[in-house]
Amino acid sequence: MHWADHTAQTLKERGESQVCASGITPSGEFHIGHIREILSAEMIHRACLDIGLKSKYIFIVDSMDPLRRVYDFLSPSYQKYIGVPLAFIPAPDSNGEPDKKRGSYAEYFLNPFLTSLERIGVIPEIVMNHEVYAQGKFASKIDIAINKKEEIREIIENISGRELPVDWFPYSPIGSDGSMDGVKVTKYEKPYVYWIDKNGVEGISDINKAEGKLPWRIDWAARWGIHNITSEPAGKDHGSAGGSYDTGIPICRLLGSEPPKKMVYEWIQIKGMGPMSSSKGVTIGPVEALELVPPQILRYIIARSKVNRHIDFDTGDTLFEMADEYERLLSESINVRDEEMTRRQRIAKETNNGALRLSQIKRGDNPKDSWAGVSFRHLALLAQIKNDDDDVWKSLQKSGHIEDKPAKILQVRLERMRNWINGPHFPEDSKIKIQKELSTLASENITSHQIKFIYNLKNKFIICEWDENVINNQIRDSAKEVDLKIKDAYLALYWLLINKNKGPKIAAIISELQRNDIIKIFETVF
RNA sequence: GGGCCUGUAGCUUAGUCAGGUAGAGCGACGGGCUUUUAACCCGUCGGCCGCGGGUUCGAAUCCCGUCAGGCCCGCCA
């Protein structure tokens, strides 16, 4: 069974109605790792719906979280916003300067991410945490937290092993300058928290308004109750022993609600895509990823991996493998009869089908409709040797991949493929590089017999029609005339033209190149 | 120091929760397609399931120990 389905089964025991949630702090650019946070929860949500439970998926934006430090992409003028909730800070302009016209810091980073989410079919109910505070929904939790301050302190100290300062208080009011740093609480009289900030200014915060917030560990535990969250997968940073998940569970109960069951997912790591990018520290964002990869396959990368396995995301060979695996599973699903399968094979099939189901953009879409019918590798190859899309389609018709016109999904896929090939993330090994002259490696592998063939072929190439079929016939004729095995003839051409011992149809490559260029390369042999 | 996760074929892994003859893909190799392939089809090779012990009629699976790798415990998913 797929992990999301399994989780849904477990949740069913808890009740008919589920709320799956993710929470992310919009402190900077979103990246591919956040996709796992989102999709882990969203797939559980879908799995719940699929077994007939009621479920909703909410995305809580930690807009009330303070700016921690001045990040590299921010100008030093952000210094004054440290400790200020991200919802109340202006967004940076292209120089990293605060610019009030751009809206809030939180929304500035959030919005493009939401666009990406929509493209992978994730339409969450957005909850801006600062609004929840402003609506007074945190008030009762804040009140309990303050009244049970010592119990909470004990939980955090015992479980996390961390010692809290003597003047620790389970509520951080916003000071006179907007920052929560260095604000000391002096008194609590429901619903008012009295304080004195680091500038010596005294003030009052109303717990019914967004005039302060609960510290992270309590905030998280409180929101589980406020939104009735039943499932919230968390990153391993929160999940490790003594982390915020472990303290959150008893705190949530103390605040009067039943917490979700702990679920921890592993990180996505970005594997270097070759020496160039890894040293430059290129990270890949969801927007960028979606320009290369079809949305179903991006979802599949998350769906196929168990939550506790880390994922090496890279835009090189593994992307080929995952994409082709997706295609293969789609076309395979009718292979074996169920009764002929062993228990293990059945489990594997069930899990795979679950992954495919959850990889669709819209819940309920038939996975088969996302089948392009051509492997990534093959398309990558055609895209490189055929500059015109129509020639790609012709080639696919000829090879029997498609019957007549390419489906929309295939057209889009080719477009993305061209982006990938022309961008920095395409793996070197998969690139076809046309040689300018005979390489040393090639000269070591070409025999005198093969040189005779090339000489013969050159003379034909000077006069023949420049068409793929004609060219191919010339190659075969040439080989026969000098009594060379066809296979060795092709081998010679591979070595000479792309410096490898194998490759795509060589006639296709040659026909895409200029006659004169080919002749020139040939002449470097003699 | 505390803890989590992982270790199965050259590579990526399924199977571990509910113990019952070790599955798959990629790669490699071979063959076919009377036109080559990084297309397509067929086949072959390849695993002391990290190591040692225990429980069991039976262990990749449960228990104990051990080694190796990755990661988290300073609000970065």
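Residue numbers start from 1 in every chain, and the chains themselves are labelled A, B, ... in the order their sequence lines are given, proteins ahead of strands. Since the model is a prediction, treat every value here as computed from it, not as a measurement.
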In whole angstroms, how far is the [atom2] atom of [N] from the [atom1] atom of [X]?
X	N	atom1	atom2	answer
E327(A)	rA38(B)	CD	P	20 Å
H238(A)	rC72(B)	NE2	P	13 Å
E325(A)	rU13(B)	CD	C1'	9 Å
D488(A)	rU35(B)	CG	P	16 Å
D246(A)	rC72(B)	CG	P	17 Å
N308(A)	rG3(B)	CG	C1'	16 Å
L329(A)	rU12(B)	CG	P	19 Å
N158(A)	rG2(B)	CG	C1'	15 Å

[X]/[Y] ion pair, N-O < 4.0 Å:
X	Y	result
K386(A)	E468(A)	yes
D219(A)	K141(A)	no
E42(A)	R299(A)	yes
E481(A)	K460(A)	yes

Nearest-Å distance once atom [atom1] is located in both [N] and [M]:
N	M	atom1	result
rA14(B)	rA68(B)	C1'	23 Å
rU56(B)	rC11(B)	C1'	35 Å
rC76(B)	rG69(B)	P	27 Å
rC73(B)	rG65(B)	P	26 Å
rA60(B)	rA22(B)	P	8 Å
rA9(B)	rC71(B)	P	22 Å
rG54(B)	rG25(B)	P	37 Å
rU36(B)	rC45(B)	C1'	26 Å

I432(A) or K213(A), whichever maps to the more 5' nucleotide of RNA chain B: I432(A)

5'-most by nearest nucleotide on RNA chain B - W267(A) or A380(A): A380(A)

Side-chain donor-acceptor pair present, Q450(A), W495(A), cut-off under 3.5 Å: no

Using a 4.0 Å heavy-atom cut-off across all strands, classify [X] as base, sugar-phosphate, or nothing.
X	value
G33(A)	base
I486(A)	nothing
H310(A)	nothing
L491(A)	nothing
R217(A)	nothing
F320(A)	nothing
T25(A)	sugar-phosphate

Selected nucleotide, minimal atom distance to [X] side chain, candidates [options]:
X	options	result
D65(A)	rU36(B), rC75(B), rC5(B)	rC75(B)
Y494(A)	rA38(B), rU6(B), rU36(B)	rU36(B)
H6(A)	rC17(B), rA77(B), rA24(B)	rC17(B)
N473(A)	rA77(B), rA14(B), rU35(B)	rU35(B)
E321(A)	rU36(B), rC26(B), rA77(B)	rC26(B)
W216(A)	rU16(B), rA77(B), rC75(B)	rC75(B)
N472(A)	rC75(B), rU35(B), rU36(B)	rU35(B)

More than 12 heavy atoms of other groups within 6.0 Å of D388(A) CG: yes

Within 6.0 Å of NZ in K452(A), more than 12 heavy atoms from elsewhere: no

Canonical and wobble pairing (Watson-Crick, G-U, under 3.5 Å) of RNA chain B, dot-bracket with |: (((((((..((((......[..)))).(((((.......))))).....(((((..]....))))))))))))....

Backbone of C20(A) reached by a side-chain donor or acceptor of S231(A) within 3.5 Å: no

Pair W371(A) and Y326(A), ring centroids less than 6.0 Å apart: no

Can a side chain N or O of [X] be found less than 4.0 Å away from OP1 or OP2 on [N]?
X	N	answer
R476(A)	rU35(B)	yes
R309(A)	rG7(B)	yes
N352(A)	rA14(B)	no
K306(A)	rU6(B)	no

Non-hydrogen atoms of D5(A) and G354(A) that approach each other most closely: OD2-CA, 4.3 Å

